[in-house]
Amino acid sequence: FFFSSRRRHTRSLCDWSSDVCSSDLPYPYPMSAANPIDALFDNSLRAAQQPAWPDKTALDNAISTLRSLPPLVFAGECDNLKARVADAAAGRAFWLQGGDCAETFAAATADSIRNRIKTILQMAAVLQYGASLPVIKVGRMAGQFAKPRSNDLEVRGDISLPAYRGDAVNDLEFTAEARIPNPDRLVRVYNTSSATLNLVRAFTQGGFADLRLVHEWNKGFVKDSQIGTRYEAMANEIGRALDFMRSAGVNPEEFKTVDFFASHEALILEYEKALTRIDSRTGLPYDVSAHFVWIGERTRQLDGAHIDFAKKIRNPIGVKLGPKTTPEDALTLINELNPDREPGRLTFITRMGAGKIRELLPPLVNAVTKSGAEVLWVCDPMHGNTYEAPSGYKTRRFDDVLDEVKGFFEVHQKLGTHPGGIHIELTGDDVTECVGGGAEISHEDLATRYETACDPRLNHTQSLELAFLVAEMLRDRR
């Protein structure tokens, strides 16, 4: 399951409201004291957004199975990513995180995974070439199978059923049987994530990600007259530069593979705790379900089980900060999650909304800067800009997404801090879920190909368009 191209270590990867769901349950079942992991966590704390598992025996069996399985990622890889995060926080790199809002088992196909990877590779090439900064490539994949909900129940007409909480918990089909939380799905999450990571490793280490194939990454995608032409022009320039280097006898191995890291929201605590392991090198605990995990806006209660979990693992971690976040909240999170001020440990992912970021972000950045703490600031321009179209589809305006990123850059420019990255919900497919962009998708177009199981995603063309615009902002800062 390695997909880091520089193995410098020893072997030993939807929330658009800040309301807390009413199913905030204590961590439901005590675990065996024979497992050293059990003593790490305070199971008496309340855990927001947890499923109401109906079958304790089935849950215990699923947890037991997960505990017996090999790690999906290795602690040393997590440490490597932490070092990259530290570089980005210091202004020496840029963080690009992208993928589905909620992965599904049905969509975990080779074509779908390849297209998402190609889209992220293309965005990274645009950003790195345009800004002359290393780009940290992080997939919102291989574990993003759960989603928080505003309500426990979904009502259609006279029928009320448990809400869909992602394929990790229940099924999207609106039937009573499909909506029953089934802990066997947690084991399927592991198996699907394992298969996904295997494909990611093959794509990123087996020649597919070779920078000399930058043209090939665009094949199979719908060619937009503006963005496609612009990408091909950039690819030609990269190709000429590589040809020049090759003619001079320079052909670095770094051009042939890429480092690609896995991430997801640490939401279902049974899954995350069951995949926590003690690293044989250091004796420290790591969540080996992903290289990077984040705590969502709805689950970051300081006295809650999710923050307790994040405190105990040694992965690089993120926390979503919404419009209700105060400077005191941010400073308390730093003290709780990174009291030793370890470089690269903590990322703040802001999701304020395009109309609020210029007002609400500066007090947070100022407070953190004055405290002397160093965090990676990342912009999530998706979740604060969701609305319901007249047709009933949940959507986002591309212009709002772009405006929030612009506001993010403007704030950091004014304060003299580094806009460290972007966190994007995207797909490599030609979907019609977000309106606007170069293709000018309208509200009427949404029904054409609206495929998300959760929130609307940027399609391939919109993702590339955003990358070019962000590259220009980064270049203007240098």
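- With no hydrogens or angles considered, no side-chain donor-acceptor pair links His306 and Gln49 at under 3.5 Å.
- Using a 4.5 Å heavy-atom cutoff, the side chains of Gln301 and Leu45 are not in contact.
- Ring orientation note: the planes of His423 and Trp294 are nearly perpendicular, at an angle over 60° on the 30°/60° scale.
- Looking only at distances, no side-chain donor or acceptor of Thr257 sits under 3.5 Å from a matching main-chain atom of Gln205.
- Within the 3.5 Å criterion, the main-chain N or O of Phe398 finds no donor-acceptor partner in the side chain of Gln462.
- For the atom pair CD1 of Ile278 and CZ of Arg314, the computed distance is 11.5 Å after rounding to the nearest 0.5 Å.
- Less than 6.0 angstrom separates the ring centroid of Phe145 from the ring centroid of Phe105.
- Taking the charged nitrogens against the carboxylate oxygens, Arg185 and Asp171 do have a contact shorter than 4.0 Å, which makes a salt bridge.
- The ring-ring contact (aromatic ring centres under 6.0 Å, His included) pairs that include a residue from residues 322-373 are Phe348-Trp377, where partners are two or more places apart or lie in different chains.
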Checking side-chain hydrogen bond (donor to acceptor under 3.5 Å, both in side chains) for the pair Thr109/Asp111: CA distance, chi angles, key distance, verdict? CA-CA 5 Å; Thr109 64; Asp111 287 346; 5.7 Å; no
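- For the residue pair Ala89 and Val375, the shortest heavy atom distance occurs at CB-O, 3.7 Å.
- Here the options are Arg457, Lys394, Lys147, Arg140, the test is salt bridge (charged side-chain N to carboxylate O under 4.0 Å, His left out), and the partner is Glu425; only Arg140 passes.
- Taking the six-membered ring wherever Trp is involved, the centroid distance between the rings of Phe41 and Phe309 falls below 6.0 Å.
- Here the straight-line distance linking atom CG of Leu267 with atom CD1 of Ile295 works out to 8.5 Å at 0.5 Å rounding.
- A donor-acceptor distance shorter than 3.5 angstrom exists from the side chain of His418 to the backbone of Ala93, with no hydrogens or angles considered.
- Each of Lys320, Arg351, Gln97 was evaluated against Asp380; a single residue qualifies, Lys320, per the side chain to side chain donor-acceptor pair (under 3.5 Å) test.
- Using a distance-only test at 3.5 Å, with no hydrogens or angles considered, no donor-acceptor pair links the side chain of Ser160 to the main chain of Arg156.
- To the nearest 0.5 angstrom, Leu426 atom CG is 11.5 Å from Cys101 atom SG.
- A side-chain donor-acceptor contact under 3.5 Å links Asn459 to the backbone of Val431.
- Looking at Met123 and Lys118, their side chains never come closer than 4.5 Å, going by heavy atoms from C-beta outward.
- Looking at Arg116 and Thr119, their side chains never come closer than 4.5 Å, going by heavy atoms from C-beta outward.
- Side-chain atoms of Glu433 do not come within 3.5 Å of backbone N or O of Tyr450 as any donor-acceptor pair.
- Note that Arg397 lies in the cation-pi zone of Tyr387, set by a 6.0 Å cut-off to the ring centre and a 45° limit from the axis.
- A distance of 10.0 Å separates CD1 in Ile120 from NZ in Lys137, rounded to the nearest 0.5 Å.
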Residue pair Asn43, Lys273: steps toward the side-chain hydrogen bond (donor to acceptor under 3.5 Å, both in side chains) verdict: CA-CA 11 Å; Asn43 292 334; Lys273 292 183 179 182; 3.0 Å; yes
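- Between the Glu154 side chain and the Leu161 main chain, no donor and acceptor come within less than 3.5 Å of each other.
- Looking only at distances, no side-chain donor or acceptor of Asn170 sits under 3.5 Å from a matching main-chain atom of Asn182.
- Asp60 contributes atom CG, which lies 9.0 Å from atom CG of Asp55 (distance to the nearest 0.5 angstrom).
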